[in-house]
There are 2 protein chains.
Amino acid sequence: MATPPTSQSKPYHHGALRQALLGAAEARLAQSGPDGLTLRAVARDVGASHTAPRNHFDDLTGLLSELAAVGFERFADHMQAAAAEQVAPMARFNATGRAYVEFAVANPGLFQLMFRSERLDAGRPALRDAMARAYRVLQEAVAAAHPGRGDMSARVARAWSLAHGFAMLLLDGRLDPLLADQSGAPEAMRLLEAILAID
Amino acid sequence: MATPPTSQSKPYHHGALRQALLGAAEARLAQSGPDGLTLRAVARDVGASHTAPRNHFDDLTGLLSELAAVGFERFADHMQAAAAEQVAPMARFNATGRAYVEFAVANPGLFQLMFRSERLDAGRPALRDAMARAYRVLQEAVAAAHPGRGDMSARVARAWSLAHGFAMLLLDGRLDPLLADQSGAPEAMRLLEAILAID
DNA sequence: CTCACATGTTTCCATTGGAAACATCAACGA
DNA sequence: TCGTTGATGTTTCCAATGGAAACATGTGAG
């Protein structure tokens, strides 16, 4: 009764389950939001049993953390690339802030996951490193724009808070009343420009 | 076999289940975080069956939304009270911002729930009204501090983003590296003061 | 070769949110 | 006074989830 290995029989081992799971997880996150991201659903999408992820990530927390790590790497990349297009320190600073918000708008589910610490394990090396890198990108943008003067911690905290708060409120739809309801990202980025123009 | 109504037999009807449930929900939220807040757990805490909440709130979403509404009312109260202690418009503006963060620090679970829109139903009248009131308090603080000049939407968005981002990053522990790890709220508020002092 | 180990699967369990049917009680009208 | 009606609760059932444990299948190193 043993099934002969026909061409259509799936191999017992997937071969690249880890990557497949991360990919499926991100797809689900993008399509169904942070709550549609289920261990079982992701496993199903890949055609694996729901306990298979355990071998690669320990936990649901583990899977989410690794996914968040990927997110932070891309996040850092995006900000770095945006900054690299500018030469003047202040322009680089603003470009970094814009990139912060752009990333959040382009990857809402992923971004929210990245900042939902209760579902993540910040102890995971991949996540820890990726977060540290993203933070460093931010910090450097601030330091370059305001060399030496004043409380640097406060300047970093301020810039970060502004970008982060704007992104969070935007994703949560809280800024909708402020965005002449033409809806969409262009309006949001215009509001951000107006914010940056103050002072 | 019918249990005679002894003095220790619980009455079939609770009498104030709705309030009891909201109270228990908030207690759980405060103690176990947003994930410990379970429909069944809350019902258990109150000594009711797990379907009892359905009569007062429809859903888990309903319960969370009503709780968030309570949160927004208190949030508005707190900011309003803080502003009322000041006379100068700019002082009122800053006091409102401080109150924003203070509330978040004092009620982390509740605050996070209030801004987790995917678990809330913003269509609920109580929530809708409470959110609108809190928003109005913010808006007035901004308008009073910067009468007439400039893009008012941008000023509101900026002040809100700054306060909200700071609060969120703080609750998520993201600012810990910036807070000389003497830990705790006082340090955080000092960082906020430093932010407000810039420019 | 063969055997240890990584990678997967099956099976089981407790917990959760919700639906449906039923129980209790209080208030109002004939 | 007495029903009956609707609000408030309970019991029972169900599907989905995350996880534990035991087992299956390959693969590569000695």
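Chain A is the first sequence line, chain B the second, and so forth, proteins listed ahead of strands; every chain is numbered from 1. On a predicted model such as this, the values are computed, not experimentally measured, just so you know.
- For residues 20-30 of chain B, proximity to DNA chain D is found at no residue, defined as any non-hydrogen atom under 4.0 angstrom from a strand atom.
- Candidate nucleotides dT10(D), dG9(D), dG19(D) were compared by shortest atom distance to the side chain of His50(A), and dG19(D) ranks first.
- Taking every heavy atom of both residues into account, Phe57(B) and Gly62(B) meet most closely at CB-C, 3.8 Å.
- The nearest whole Å value for the distance from the CZ atom in Arg18(A) to the C1' atom in dA6(C) is 14 Å.
- Taking for each of Ala16(B) and Arg40(B) the nucleotide of DNA chain D with the nearest heavy atom, the 5'-most of the two is the partner of Ala16(B).
- As judged by a 4.0 angstrom heavy-atom cut-off over every strand, Ser49(B) is placed among the base-contacting residues.
- For dT11(D), the base has a donor-acceptor partner in the side chain of Thr51(B) [N/O atoms by modelled type, under 3.5 angstrom].
- Rounding to the nearest 0.5 angstrom, the gap separating the CG atom in Leu60(B) from the CG atom in Leu37(B) is 7.5 Å.
- Here dG18(D) presents its P atom at 10 Å from CG of Leu63(A), a figure rounded to the nearest Å.
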Donor-acceptor pairs are to be reported for all side-chain atoms of residues 114-132 of chain A against protein atoms at under 3.5 Å, with residues two or more places apart or in another chain.
| residue | atom | partner | partner atom | Å |
| --- | --- | --- | --- | --- |
| Arg116(A) | NH1 | Glu118(B) | OE2 | 2.8 |
| Ser117(A) | OG | Asp172(B) | OD1 | 3.2 |
| Glu118(A) | OE2 | Arg116(B) | NH1 | 2.8 |
| Asp121(A) | OD1 | Gly123(A) | N | 2.9 |
| Arg124(A) | NH1 | Glu66(A) | OE2 | 3.1 |
| Arg124(A) | NH2 | Asp58(A) | OD2 | 2.9 |

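- Using bins of under 30°, 30° to 60° and over 60° for the plane-to-plane angle, the ring pair Phe111(B)/Tyr100(B) lands in the perpendicular bin.
- Residue contacts shown for His56(B) are limited to sugar-phosphate atoms, with no base heavy atom under 4.0 Å away.
- Here the side chain of Asn55(A) is nearest to one of dT10(D), dT16(C), dT9(C), namely dT9(C).
- Of all the heavy atoms in Thr96(A) and Ala141(A), the pair that sits closest is OG1-CB, 3.5 Å.
- For the pair Arg44(A) and dT17(D), the criterion of a side-chain N or O lying under 4.0 Å from OP1 or OP2 is met.
- Aromatic ring orientation, Trp160(B) versus Tyr135(B): tilted (interplanar angle from 30° to 60°).
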